[in-house]
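Single-structure report; data block below.
Predicted model, so just to flag it, every value in this text is computed and none were measured.
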Amino acid sequence: MSKLSLPSNEKNCNADFCKVLLDLAEYEKNVTRNVHKYNAYKKAAVVLSTLDHKIQSGDEAKKLKGIGDKIAKKLDEFNETGKLKKLESINLNENVKSINILTRVSGIGPVKAADLVRSGIKTIEDLKNNEDKLNHHQRIGLKYFADFEKTIPRNEIQEIEVLIKTLVYKISKKFSVTICGSYRRGKAASGDIDALITHPKITLKQNRNKNEKYTLEKIVENLEGLVIDTISVGETKFMGVCILRGLPARRLDIRLIPLEQFYCAVLYFTGSDVFNKQMRAHALEKGFMLNEYSLRHIGVTGVPGEPVPISSEEDIFAYIDFPYKQPNERNY
DNA sequence: AATAGACATAT
DNA sequence: ATATGTC
């Protein structure tokens, strides 16, 4: 979903220290490549950001889930001195700065960034002079570096949605297209566009012997004019770039989903992450296993049974006895 | 102990 | 065929 952002609440009383934790998180992800420390710092930042008062001491913070001795100590240091020595020294390191810049290119992760920096490539300008060191995805990421950092206003996504529907309906009127993500949750702007597509003829059975008429490749061909670059296309997932008039280029993902799995996928890709976790936990309490593909009853043996037939998002809520939430009520 | 899986690329 | 990297 999104990068390093907190559930954007109006007033975060602990914003300063949260920023410190997020910087530490970024460092652990990009430089030391310790995902678990990265997640730990992020979790702590999220917990602090949801408080309605400014935290006064490490001891007080330790009561919160996700904050232990180490972060408590850092909080005390930050409250006393207004900074964190560990972070100060990290930020002085030029290689760290370079790695953090390069990982902002789509397709360049921590490993590739470190590799580039080791060979003396440290800036976006350097990348432009060394395209031969990049694979296809990374070249696209570089080409649209500035555009991809811009958010996409809601009205623009609405326009793209209409266009995608118009173009795929030319193949078959029976296609169903849903743009998910934060757009579906009603947000004013999004980071990218995530379109889910299904069709009555695209089912688990027919998908096996491949329905030549309704492939993702065919769909993408029909999006000519809108889609201007392809990062990757497989049988189920397209990753690429689209553009409207003279506006910035936008990241577009399209997934082709078998009909039986469509609503579970729509639910999952609409999020938010937090909402999904809540809903999956609730499903478990009711004896169901919910994931991106299906809702299945869990028997006494603990083994999930056959997927429950689902023909709408509402069905999923109803089966697990969870009050229906409109997409715009799922922001967490 | 910590999210999972599609796709690209290298070997 | 498998491992690695990224999303």
- When the P atoms of C:dC7 and B:dA2 are considered, how many whole Å apart are they? 23 Å
- Who pairs with A:Lys277 by salt bridge (Lys or Arg N to Asp or Glu O under 4.0 Å), at least two apart in sequence or on another chain? none
- Note on the structure: Rounded to whole Å, CD of A:Gln261 lies from C1' of B:dG5 at a distance of 13 Å
- Task: In whole angstrom, give the distance that lies between atom CD1 of A:Ile254 and atom P of B:dA6.
- Result: 18 Å
- Who are the ring pair (Phe, Tyr, Trp, His ring centres under 6.0 Å) partners of A:Phe238, not counting sequence neighbours? none
- Item | A:Asn291 side chain to A:Ser294 backbone, donor-acceptor under 3.5 Å | yes
Side chains of residues 167-175 of chain A: which donor-acceptor pairs under 3.5 Å do they make with residues two or more places apart or in other chains?
unit_1, atom_1, unit_2, atom_2, d
A:Ser172, OG, A:Lys174, N, 3.1
A:Ser172, OG, A:His199, NE2, 2.8

- Query: What's the CG-P distance between A:Asn30 and C:dG5, to the nearest Å?
  - Reply: 14 Å
Distances for protein N/O vs nucleotides 7-9 of chain B N/O pairs under 3.5 angstrom?
unit_1, atom_1, unit_2, atom_2, d
B:dC7, OP1, A:Glu235, N, 3.4
B:dC7, OP1, A:Thr236, N, 3.0
B:dC7, OP1, A:Thr236, OG1, 3.0
B:dC7, OP1, A:Lys237, N, 2.7
B:dA8, OP1, A:Val233, N, 3.2

- Task: Looking at every strand, decide which applies to A:Arg280 at a 4.0 Å heavy-atom threshold: base, sugar-phosphate, or nothing.
- Result: nothing
Protein-nucleic acid N or O pairs under 3.5 Å, nucleotides 1-3 of chain B:
unit_1, atom_1, unit_2, atom_2, d
B:dA2, N9, A:His36, ND1, 3.3
B:dA2, N7, A:His36, NE2, 3.3

- Query: Under the 4.5 Å side-chain heavy-atom rule for ILVMFWY, direct or indirect, which residues accompany A:Phe148?
  - Reply: A:Ile140, A:Tyr144, A:Ile228, A:Ile231, A:Met239, A:Val241, A:Ile243
- Item | Donor-acceptor contact present, side-chain A:Gln138 to main-chain A:Gly107, <3.5 Å | yes
